[in-house]
Amino acid sequence: QVQLVESGGGLVQPGGSLRLSCAASGFTLDYYTIGWFRQAPGKERRGVSCIDASDGNTYYSDSVKGRFTISRDNAKNTVYLEMNSLRPEDTAVYYCAVGVREIHPVQAMCTMARPVMLPYWGQGTQVTVSS
């Protein structure tokens, strides 16, 4: 059974850092794209960063470029999101999701208008940036 489990969220002060993990089970990452999305209360779910687990190609939204880094460890079947220089506007529930790389290359996956249509999602992890 396909499962995605996010972890690593929490409360952090502005300027701080967090490292999120997305652990996958029931399949191997090699032929898929994995994306991090976030959703603040009352707002739509939007892509943050996506990675092709096969070739390592990445995409970042403009709001996080230069501050966040996505990576994967295929041996551990896990994708990470290193978040630095966090801002209050980064506060949201962060989710990971799976796409088929031929259908959802990283830029298309992270910018799709209706990301909730992706078939597999984790439960989300809360990130709160506040002083």
Side-chain angles (χ1 to χ4, degrees):
Q1 182 178 0
V2 174
Q3 287 188 319
L4 300 169
V5 179
E6 302 97 332
S7 61
L11 175 64
V12 64
Q13 294 183 348
S17 299
L18 286 172
R19 183 179 176 88
L20 306 183
S21 298
C22 174
S25 61
F27 72 105
T28 56
L29 296 179
D30 301 44
Y31 299 99
Y32 300 94
T33 44
I34 309 296
W36 284 100
F37 297 76
R38 66 187 182 188
Q39 186 168 23
K43 297 185 178 180
E44 296 181 347
R45 191 172 301 184
R46 289 287 178 259
V48 176
S49 183
C50 297
I51 187 168
D52 186 318
S54 180
D55 62 19
N57 191 31
T58 59
Y59 175 87
Y60 298 92
S61 67
D62 289 342
S63 63
V64 308
K65 194 173 299 181
R67 299 188 296 122
F68 292 9
T69 302
I70 191 169
S71 62
R72 93 292 197 193
D73 186 336
N74 286 9
K76 296 181 178 179
N77 234 36
T78 300
V79 174
Y80 305 95
L81 185 67
E82 181 74 30
M83 306 186 295
N84 300 309
S85 301
L86 284 163
R87 306 165 181 169
E89 53 263 42
D90 295 318
T91 296
V93 178
Y94 284 70
Y95 302 88
C96 62
V98 180
V100 179
R101 62 190 302 270
E102 292 85 1
I103 303 173
H104 303 109
V106 290
Q107 183 171 344
M109 184 178 186
C110 261
T111 61
M112 62 192 303
R114 303 173 69 183
V116 294
M117 295 183 66
L118 292 167
Y120 297 108
W121 293 87
Q123 83 289 347
T125 186
Q126 176 72 48
V127 172
T128 302
V129 185
S130 177
S131 59

Point to revise | Side chains of Ile70 and Val79 in contact at under 4.5 Å (non-hydrogen atoms) | key: yes

Check your understanding: So if you build clusters from Ile, Leu, Val, Met, Phe, Trp, Tyr with side-chain heavy-atom gaps below 4.5 Å, do Leu81 and Leu118 land together?
Key -> no

Exercise for review: Taking atom CD of Glu44 as the centre, report whether more than 12 heavy atoms of other residues, nucleotides or ligands fall under 6.0 Å from it.
Suggested key: no

Practice item. Measure from the side-chain N and O atoms of Thr91 to the backbone N and O of Val129, and report whether any donor-acceptor pair falls under 3.5 Å. Key: yes

Review point. Taking the side chain as C-beta and beyond, is there a heavy-atom pair between Ser17 and Asn84 under 4.5 Å?
Key: yes

**Study point:** Ion pair check, Lys65 and Asp62, cut-off under 4.0 Å
**Key:** yes

Practice item. Treat each ILVMFWY residue as a node, draw an edge where side-chain heavy atoms are under 4.5 Å apart, and state whether Tyr31 and Val2 are in one component. Key: yes

Check your understanding: Which heavy-atom pair separates Ala92 from Arg38 by the least distance, and what is that distance?
Key -> CB-CB, 3.8 Å

Point to revise | Asn74 side-chain N/O to Ser54 backbone N/O, donor-acceptor pair under 3.5 Å | key: no

Practice item. Apply the test side chain to side chain contact (heavy atoms under 4.5 Å, CB included) to residues Ser63 and Arg46: give CA-CA distance (whole Å), side-chain angles for both, the deciding distance (0.1 Å), then the verdict. Key: CA-CA 11 Å; Ser63 63; Arg46 289 287 178 259; over 6 Å; no

Exercise for review: Taking all heavy atoms of Ala24 and all of Leu4, pick out the closest pair and write down the distance.
Suggested key: CB-CD2, 3.7 Å

Review point. Distance-only, no hydrogens or angles: does the Tyr59 side chain make a donor-acceptor pair with backbone N or O of Ala108 under 3.5 Å?
Key: no

Point to revise | Heavy-atom check, side chain of Ile34 versus side chain of Val98, under 4.5 Å | key: yes

Review point. Hey, is the main chain of Val5 close enough, under 3.5 Å, to the side chain of Gln123 for a donor-acceptor pair?
Key: no

Review point. Can the ring centroids of Trp121 and Phe37 be said to lie less than 6.0 angstrom from one another?
Key: yes

Practice item. Determine, using the 4.5 Å side-chain heavy-atom cutoff (strictly less than), whether Tyr60 and Trp36 are members of one ILVMFWY cluster. Key: yes

Check your understanding: If two hydrophobic side chains count as joined below 4.5 Å and joins carry through other members, does Tyr94 share a cluster with Leu18?
Key -> yes

Check your understanding: Can you get from Tyr120 to Met112 by hopping between Ile, Leu, Val, Met, Phe, Trp and Tyr side chains that sit under 4.5 Å apart?
Key -> no

Check your understanding: Take atom CZ in Phe27; do more than 12 heavy atoms of anything else shown fall under 6.0 Å from it?
Key -> yes

**Study point:** CZ (Phe68) with more than 12 external heavy atoms under 6.0 Å
**Key:** yes

**Study point:** Donor-acceptor contact below 3.5 Å, side chain Glu6 vs main chain Gly124
**Key:** yes

Review point. Going by heavy atoms in the side chains, are Asp90 and Met83 under 4.5 Å from each other?
Key: no

Check your understanding: Is it true that a side-chain atom of Thr33 and a backbone atom of Gly99 form a donor plus acceptor pair closer than 3.5 Å?
Key -> yes

Check your understanding: Do Arg67 and Val64 have side chains that get closer than 4.5 Å, going by heavy atoms?
Key -> yes

Exercise for review: Check whether any side-chain N or O of Asn77 sits under 3.5 Å from a backbone N or O of Leu29 as a donor-acceptor pair, and report yes or no.
Suggested key: yes

